[in-house]
Amino acid sequence: AQKVTQAQTEISVVEKEDVTLDCVYETRDTTYYLFWYKQPPSGELVFLIRRNSFDEQNEISGRYSWNFQKSTSSFNFTITASQVVDSAVYFCALSEETTDSWGKLQFGAGTQVVVTP
Amino acid sequence: KAGVTQTPRYLIKTRGQQVTLSCSPISGHRSVSWYQQTPGQGLQFLFEYFSETQRNKGNFPGRFSGRQFSNSRSEMNVSTLELGDSALYLCASSHGQGAAYEQYFGPGTRLTVT
């Protein structure tokens, strides 16, 4: 069963618009970690943020912000004032604390963000 | 610090052949994980190595294997290649083992099987 769901396949925006990417996860663990990665056309996955299950404080880093809500099992990501360089595929991922999940990131299907000038 | 490096970057093989991909983690990182990325299946976990031992394995056939050396460098091998093995293979390293550690990815090896 899919543990991480990114319902949006592609989002197209014009430069300077805000864009919000949705991520819904599923786990029975009480301790888990959530991540966002960016994959530009070059192919390399770039780490953006990590959140643990005990820290629901939202975070802002420059033009990026994250909204973690355990009550709805969501970990959404917003890019404010988007730029062309933000065009990429964005992945949400889950890592669980159980032994058989060590080193294993479970990724969503990804959301393609297209920012046009 | 240098990032994760993977060699080769591109590879073309024929069905039935075998292939070995190499990954050098970030200096000081002891855990290496491998992932396969395809348009149909997305990003899927292959296996994870820590201190030269495979600690976790994804749901892939035995044709996929790997190993880790004492300097934390890792290789993965795919034997008897099938057309469906065509994919981007990504290697990631992390400082420690466990869910808390973020993984840093290399640029990947794009394998094409003809």
Side-chain angles (χ1 to χ4, degrees), chain A residues 1-10 23 25 27-55 59 61 66 75 88-112, chain B residues 2-6 9-10 23 25-26 29-51 53-60 66 68 72 74 87-111:
Chain A
Q2 187 74 12
K3 290 203 168 189
V4 179
T5 302
Q6 294 179 255
Q8 305 148 309
T9 304
E10 180 171 326
C23 173
Y25 62 93
T27 180
R28 293 183 179 179
D29 285 9
T30 54
T31 303
Y32 54 89
Y33 297 81
L34 296 164
F35 302 80
W36 276 97
Y37 283 86
K38 172 183 178 180
Q39 187 175 41
S42 60
E44 184 171 340
L45 280 164
V46 178
F47 166 73
L48 296 176
I49 191 173
R50 176 193 64 196
R51 257 292 174 262
N52 73 57
S53 52
F54 299 105
D55 182 3
E59 182 169 337
S61 176
W66 292 270
F75 185 43
V89 181
Y90 290 83
F91 290 94
C92 180
L94 167 70
S95 182
E96 296 167 304
E97 195 61 56
T98 53
T99 304
D100 63 357
S101 295
W102 281 352
K104 176 182 179 180
L105 285 171
Q106 300 174 80
F107 287 90
T111 298
Q112 172 81 58
Chain B
V4 178
T5 58
Q6 292 186 246
R9 293 292 311 279
Y10 302 92
C23 171
I26 292 171
H29 284 194
R30 298 171 61 193
S31 172
V32 173
S33 297
W34 288 88
Y35 295 84
Q36 180 196 66
Q37 185 176 26
T38 60
Q41 299 298 317
L43 279 155
Q44 293 187 290
F45 172 77
L46 279 158
F47 28 64
E48 187 256 355
Y49 287 87
F50 184 82
S51 294
T53 302
Q54 185 182 94
R55 303 293 177 127
N56 200 357
K57 190 176 192 305
N59 189 24
F60 279 83
Q68 186 181 33
S72 294
S74 177
L88 179 66
Y89 289 89
L90 292 161
C91 164
S93 75
S94 61
H95 188 265
Q97 185 184 40
Y101 293 93
E102 61 266 24
Q103 296 182 20
Y104 294 90
F105 285 78
T109 294
R110 186 164 295 282
L111 172 66

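Protein chains get the first letters and strands the later ones, always in sequence-line order, with residue 1 at the start of each.
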Side chain, backbone, both or neither: which part of B/Q37 has a heavy atom under 4.5 Å from chain A? side chain
What residue in A/L105, A/T31, A/N52 has the most heavy-atom pairs under 4.5 Å with chain B? A/L105
With a sphere of 6.0 Å drawn around CZ of A/R51, does it hold more than 12 non-hydrogen atoms of other residues, nucleotides or ligands? yes
Heavy-atom cut-off 4.5 Å, strictly under: side chain, backbone, both or neither for B/F105 against chain A? both
B/Y35 versus chain A, the contacting section by heavy-atom distance below 4.5 Å: side chain
Comparing B/G106, B/G108, B/S33 against chain A, the one with the most heavy-atom pairs below 4.5 Å turns out to be B/G106
Begin from the C-alpha positions of A/Y37 and B/L43 and carry the test side-chain contact (heavy atoms from CB on, under 4.5 Å) through to its verdict. CA-CA 12 Å; A/Y37 283 86; B/L43 279 155; over 6 Å; no
Counting only heavy atoms from other residues, nucleotides and ligands, does the tally under 6.0 Å from CZ of A/F54 exceed 12? yes
Is a donor on one side and an acceptor on the other found under 3.5 Å between the side chain of A/Y25 and the backbone of A/L34? no
Which atoms of A/Y32 approach chain B - backbone, side chain, both or neither, heavy atom under 4.5 Å: neither
Can you find a heavy atom in the side chain of B/Q36 that is under 4.5 Å from one in the side chain of B/F60? yes
